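Remarks on the structure that follows.
Every number for a ligand or one of its atoms is a count from 1 in the order of the listing. Keep in mind it's a predicted model, so treat the numbers as computed, not measured. Positions are given from 1, in the same order as the sequence printed here.
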Amino acid sequence: MAPMVRRAEAHCVCFQLVLSRLCEVEFHFEQCLSETQVEVLQLGSHCFLYFAKVNATDVPFPTDQLIQYSLLIDGVSADLTSLSYNQILPSLCIPLKLTQVFHGSCRNPHHESRDSLSSADSFIKSCREHGDLGPQILLMSGDQIYADDVAGPMLLAIAQLTECLGLFDDAEANLALPMDLQEQLYRRHLFLPKTPWQSRSKLAIGYWLKKDQPHFTSMKAGNHLIALKEFIALYLLSWSPDVWQLIDQTKLTYSGSNLKHASHFNHELTHLKQFIDDLSSTKRLFGNISTLMMFDDHDVTDDWNLTANWEETVYKEPQSLRIILNGMTAYWLFQGLGNDGLAESRELIQPFKKALKEKVWHWKTFAKPIHRFNSWHYCLATEPKLVVLDTRTHRWRNDEDFNEPSGLMDWDRLLELESNLISHEHVLLVSPAPVFGVKAIEAIQAVFNACGEPLLVDVENWMAHEGAAKKLLDIFRRADTPSETIILSGDVHYSFCFSVKARFGKHDNRIWQLTASGIKNEFPKKLIKLLDKLDTWLYSPLSPLNLFTKRWKMSVDKHSLTDSQSNQFLISSSSISLVTMREGRLEKYELIHGSGQISRFDLDD
Ligand SMILES: [Fe+2]
């Protein structure tokens, strides 16, 4: 896997790359003195994950301008022409005064839409050809992989890659899966742990229908990832065109007798092939822009920590817990370590290395450290300041009813957020789920929740938990929080632009809720049109229903696209967003679609 530029600051730039052997790795920046510190993690007989921290030795690296870089492997210059926009060397920018940012979420390799990361690459190429800096950073706010929604052909490719790279096995793999992978395709959910119906609450409908409760609640869990090596292989296949050279694509075939599965397999394969063709541009994009990320549920599994009951059930069962920790470990390796440039995340390296004994992972001593790791969230000292929230591992449980959705962050984390916002004029805040979502959709979720089925419709919104919602809104209503906060969110598979102001406050704080989802995923288009209209009808500014929402003290304005004839506010068309700022304030909000088209929101009140 070619170098990816990860956290980039004036004193240090962190790269991550994967090589098939141990070697000396050194990066050089044009006209800058530096030294490279390397951390290597062996993941297989022929798979080594490298983190290269390039430290400025003389003066800090220049910010907000392009710096060309080269890579030496064992003292020999690596050929980086496939990463370069000028046929010579790739270049990176260390962001400080943010003027333009890419943001997106939800990238499903076999979704039928085109990959918007490819459009992002074309956009940067054109900027650089015109001598423009272009976006300084790429933020991905969740579902960078879909561990619980894997295509059949992808699962076969994963098996080939794990074999080819000799990725290490887990010692504790006790699920009774069929030996033949073909027999596992689209059927893994049958072998994943379940709570027998007799042990379910008598308040659940499932008890009376004598239905066992699956721990992994994804509707598409037929190919759910299980072992760490599978998660590792999915990351590599999602980000690197080079590893696909190791896959014999003629062997990506379904040989079972289920006709429905056969047709589904071929459908997925068609879209996966397009994804693979587009991957060389993803590779080039990652080589030229600092990329920071945050997990959402699908990076690990659907509904991850959604309710206290989910946690109680899944973490008590060793096999279920193992799968979750494998997802978290892979997240740490491929996303987390680069997010903070190994600052806090380094503490897991030693226990992780100790878990490997004779080419097999023995997780006993690593389970606690990874499960309890406390610093997935992070900030970046840019202007505006970047604050990235972990909304999955520090949830505010509903102590009275374990089936109620947990708040997305607990009290301590909300206080930490408050202190991060205070005394800053402008802040760019990444919250994987929108803070100000679509009221009609949240109302529908609330109905399912009231019927005891929060897992059915993913009640993952901030307003679903009384305490967390109240505290968060109180923070935004404070006079000393930023005069403008730009919230970047994803998760929902449609994009929108809302502006929010406190109704009765004396100060003039403005919040922008910019939601971009998905990079390669979409919400059913007809349904989103219907929900959009429903939201407009039910929650018009004068509608009394507004009094029943938790944010009635905030006035929310919806913005449509500039060229919109239909006054549609919710856009379901795969895209990455481009956020343009001037002096920390939002100037332009655009969507660059997978198709290459660009649309722009009208920001006027
Ligand atoms: Fe998603």
Once rounded to 10°, what is the value of the angle centred on the Fe ion (ligand 1) between D143 OD2 and H493 NE2?
170°
Lys/Arg-Asp/Glu bridge criterion (N-O < 4.0 Å) met for R392, D299
no
Does [X] put an N, O or S atom under 2.8 Å from the Fe ion (ligand 1)?
{"X": "D491", "answer": "no"}
{"X": "H298", "answer": "no"}
{"X": "Y146", "answer": "yes"}

Is it the case that the ring center of Y315 lies less than 6.0 angstrom away from the ring center of W310?
yes
Tell me whether the rings of W512 and H559 are parallel (<30°), tilted (30 to 60°) or perpendicular (>60°).
tilted
More than 12 heavy atoms of other residues, nucleotides or ligands under 6.0 Å from CD of E317: yes or no?
yes
